[in-house]
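In what follows, chains carry the letters A, B, and so on, assigned in the order in which the sequence lines appear, proteins first and then strands, with residues in each chain numbered from 1.
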Amino acid sequence: MRLKRDFFIQSTLKVAQDFLGKLLVRKYQNKLIAGIITETEAYIGPKDKAAHSYKNRFTKRNIAEYFLGGFCYIYLVYGMHWQFNITTSLANKPECVLIRGVLPISEKNFLLNGPGKLCRYFNLDGSFFGEDLVFSKRIWLEDSKIKFKKSEIKRTPRIGIDYAGKYWSKIKWRFVVEKI
DNA sequence: GTACAGATTGAG
DNA sequence: TCAATCTGTACT
């Protein structure tokens, strides 16, 4: 069952946790690529110093962050890696969830850990900027029967944002499934 | 216009 | 430990 708009417009921290166990599906050259989401991070601007939308920063690159929940916010970091985010909450609330890890369902014992690797595997690039996951024919999310227990989900600080200061770099907004 | 650093990764 | 390499931001 494909996830609809009402799922994405819930609070960002809830969506970030609920993404774990959901299926990311990509249609590429008439084939389906799918994986179970195992790692996410929440970014809640404009108060979040680690978010691109901190203090309501608004540029051509991060404009999608202000969209209604359920859209793709994808951008290039370090000049070479794409980061795949999904917007949450309502329009003009710059909140999103970064998808950091996925378990491909077709290949066993192979975990895509890291947002850059994930985008390469799913063939995601800038052309998905602003794509609507509720209606898109080439990328969407589906519910699955997989439900992780609370004891299997670990909360940790987010990765790679030490610049955000003591408070924001330590807050536990990263959600990881420990055993798969 | 120039300088700089970042939500990363893989090689050495 | 470090380079690869694009883009927005904060300067001159």
Side-chain angles (χ1 to χ4, degrees), chain A residues 8 10-22 24 26 28 33 35-89 92-104 107 109-131 133 139 141 153-178 180:
Chain A
F8 297 105
Q10 301 174 92
S11 83
T12 303
L13 288 175
K14 177 169 179 12
V15 175
Q17 290 169 81
D18 287 353
F19 270 158
L20 300 174
K22 294 287 187 287
L24 177 63
R26 162 87 163 104
Y28 180 68
I33 308 169
I36 296 155
I37 297 172
T38 59
E39 185 179 344
T40 61
E41 279 179 14
Y43 285 87
I44 306 181
K47 60 177 181 180
D48 181 358
K49 207 171 175 184
H52 293 151
S53 51
Y54 177 56
K55 287 185 177 168
N56 277 310
R57 269 197 305 246
F58 194 80
T59 67
K60 196 172 151 193
R61 186 204 216 173
N62 78 349
I63 185 170
E65 217 178 339
Y66 290 81
F67 288 1
L68 177 67
F71 287 80
C72 292
Y73 167 41
I74 192 162
Y75 66 92
L76 197 61
V77 265
Y78 304 113
M80 51 202 321
H81 298 293
W82 292 100
Q83 308 276 118
F84 178 62
N85 297 250
I86 298 173
T87 62
T88 56
S89 190
N92 296 317
K93 290 208 168 189
E95 306 185 7
C96 63
V97 175
L98 170 65
I99 310 296
R100 292 186 57 89
V102 158
L103 181 70
E107 293 159 65
N109 306 319
F110 165 55
L111 180 67
L112 283 167
N113 55 337
K117 285 194 249 179
L118 185 155
C119 287
R120 214 170 45 195
Y121 181 81
F122 279 88
N123 286 287
L124 298 172
D125 60 31
S127 72
F128 285 85
F129 188 87
E131 186 109 350
L133 291 165
I139 184 153
L141 289 181
I153 297 173
K154 197 177 176 188
R155 279 185 80 147
T156 80
R158 294 170 292 175
I159 306 293
I161 52 152
D162 292 340
Y163 63 87
K166 268 189 184 161
Y167 180 76
W168 293 107
S169 64
K170 297 242 159 59
I171 197 165
K172 293 184 174 178
W173 282 355
R174 171 168 173 259
F175 303 94
V176 200
V177 178
E178 284 219 294
I180 299 171

Checking side chain to side chain contact (heavy atoms under 4.5 Å, CB included) between A:Thr40 and each of A:Ile86, A:Ile99, A:Leu98, which is the one that passes?
A:Ile99
Do the side chains of A:Val102 and A:Tyr121 get nearer than 4.5 Å, heavy atoms only?
no
Between C1' of B:dA11 and NZ of A:Lys117, the distance in whole Å:
13 Å
Stepwise side-chain contact (heavy atoms from CB on, under 4.5 Å) test for A:Asn85 and A:Tyr75:
CA-CA 9 Å; A:Asn85 297 250; A:Tyr75 66 92; 3.5 Å; yes
Identify, residue by residue, the members of residues 46-56 of chain A with a heavy atom below 4.0 Å from DNA chain B, and return them in order of residue number, or none.
A:Ala50, A:His52
Can you tell me how far C1' in B:dG10 sits from the matching atom in C:dT7, rounded to whole Å?
23 Å
Quiz question: by atom type and distance under 3.5 Å, do the side chains of A:His52 and A:Tyr73 form a donor-acceptor pair?
yes
Given the rule in the side-chain contact (heavy atoms from CB on, under 4.5 Å) test, do A:Phe110 and A:Leu103 qualify, once you have shown the distances and angles that lead to the verdict?
CA-CA 7 Å; A:Phe110 165 55; A:Leu103 181 70; 6.0 Å; no
To the nearest angstrom, the CG-C1' distance between A:Leu124 and B:dT8 comes to 16 Å
Across all strands, who's sitting opposite C:dT5 as a Watson-Crick or G-U wobble pair, both distances under 3.5 Å?
none
A:Arg100 backbone acceptor or donor facing A:Asn113 side chain under 3.5 Å
no
Would you say the side-chain atoms of A:Arg158 pair up with the backbone N or O of A:Trp168, donor to acceptor, closer than 3.5 Å?
yes
Residue pair A:Ile159, A:Arg174: steps toward the side-chain contact (heavy atoms from CB on, under 4.5 Å) verdict
CA-CA 8 Å; A:Ile159 306 293; A:Arg174 171 168 173 259; 3.6 Å; yes
Checking all strands, does A:Arg120 fall into the base, sugar-phosphate, or nothing category for heavy-atom contacts under 4.0 angstrom?
sugar-phosphate
Given atom OH of A:Tyr121 and atom P of B:dT9, what is their separation to the nearest angstrom?
16 Å
Base, backbone or nothing for each nucleotide of nucleotides 5-12 of chain C, written B, S, -, heavy atoms under 4.0 angstrom, 5' to 3'?
BB-SS---
